[in-house]
Amino acid sequence: MDTIKELKQIISEILDIDETEMGLDTYLIRDLNMESIDLLELSIAINSKFKLEIDEGKAFLKDLRFELRDVSKQGISQREHLLATYPHLDKSRIDEILKDLDGGPVLKLKDVVAYIDFLKK
Amino acid sequence: MGQKNKRCLILGGSSEIGIELSKLLLKNSIVSYPTYSSNSGLNRIKQALGQSVIPVFLDLSLLDSVYDFFNKQLEFEYLVDLAHTNLEGLVASLSDKDIISYYNVNVVNRTIFLKYLTRNMLIKRKGRLIYVSSTAAKYPNKGQGLYGSAKLAIEAIYKTIGIEMYKKSISTMIIRPGYILSGRARDFIKDKMDLLGKFVIEPIDLANAILFFLKDEGRCFNATEIILDRGFFSSKRWS
C-alpha cells in the first residue's frame, strides 16, 4: 500500500471520517479540525505502521511560526531557512506555505506524505 | 468499559495497600500486575497472593528500568499508582543529592513512565489511571516538603493527561487519602489515636475507593481529585 493510501486510512480511523473526504491538498487542522491529541495519535500510528520514529515538530510543521520569528530576527531569508529546516518539502511547497500563513495552520496531508517518504529514503 | 478480564498495573504493588488492592481486583475478575523493585517486595507479593497475580519488575529510580518495562510490550487498561519513596526532613536540612534524587524518582522518571504508558493506551483508545496522592499535597506537615510537592506535581501531570486524552477514552482520577493505617504512617497514627481514631482509613477502605473509580460507575470523574479522610481535613482547624 502506498503512503497516501495508508495515511488516509489512519486518519479516517482517528477522526472517524470517510477516506474520500481527504485529498493531498486537504488541510489537517483547518479542514479536518485535527487537534493536538489527534496529531499525537497520528504520530503513534505512523510509528507503528511505517516503523518510523517521527519528529512531530517537523512532520506536522508544529514550530513553523517560531522558526519564522527566529529567522526574521537573524536577517536570514525565510525561504532558505524553511528549506533547510524542512528538507522533505520542496521549493514550490515552501513558497505556497509562505503565501498561506494568514489563513491559519498550513499543514496539509501532502506534507505528512512527503515527510514519511523522505524518512523512508 | 466493563471491568471484567481487564488488566491493571499497580505501581507500588508490593505495598500493604497494593496487596489489599490486588486481592480486591481478583475478586472482581480484574487481572492484577503488581510492580516490585526488590526481592523483598517480590517475596511479599508471592507470600500474600501466590500465583494469582503477575508481578512485574519496575524500579522508578532507574530510567533504564522504565525503558525495559516497555520493551516487554505489556498492555493494560488500568493503572493504579501507589508508588512513592520515603524521605522526610526539613527542607533546609535536606542534602542536595537527596533533593535531586527524590524528584528524579518521583517526578521525572514517573512522568516519563506515564508518557509511554499513555501512548500505549492511546493505540487501544482506552485507559483509566488512578493516582493515589496524599492530603500532604495540600496540607504538608513539617518534614513533608519533598513528599507533598512531588505529590502535587504528579497530581498536575495526571490531571493534564485526563484533560488531554479524555477525547480518546483515557481518563484519570486522583485520590488523596488522609491518615491511612499502613506502612510508614502506622506508627505516627498509633501515637495519635486519641485525635485521629475515628478518621483513620484502613487499606481496604482505600482499595474499595480505587475500585469504585476504576469501574464504569466512577468514570465520569476525570482530571480531578477527591479527599478520602472521613471529613478530617474539612474541619476549619486544618484549612
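Order of the sequence lines sets the chain letters (A, B, ...), proteins ahead of strands, with each chain counted from 1. When reading the values below, keep in mind they use all heavy atoms of this one structure, side chains included, and skip hydrogens, waters and symmetry mates.
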Partner set under side-chain contact (heavy atoms from CB on, under 4.5 Å) for B:T224, not counting sequence neighbours:
B:M173
Which answer fits B:L122, side chain, backbone, both or neither, if we ask what part of it has an atom under 4.5 Å from a heavy atom of chain A?
both
Would you enumerate the inter-chain donor-acceptor pairs between chain B and chain A whose distance is below 3.5 Å?
| from | atom 1 | to | atom 2 | distance (Å) |
| --- | --- | --- | --- | --- |
| B:R125 | NE | A:E41 | OE2 | 2.6 |
| B:R125 | NH2 | A:E13 | O | 3.4 |
| B:R125 | NH2 | A:I14 | O | 2.7 |
| B:R125 | NH2 | A:E41 | OE1 | 3.3 |
| B:R125 | NH2 | A:E41 | OE2 | 3.2 |
| B:K167 | NZ | A:D38 | OD1 | 3.2 |
| B:K167 | NZ | A:D38 | OD2 | 2.7 |
| B:K168 | NZ | A:D38 | OD1 | 2.6 |
| B:K168 | NZ | A:E41 | OE1 | 2.6 |

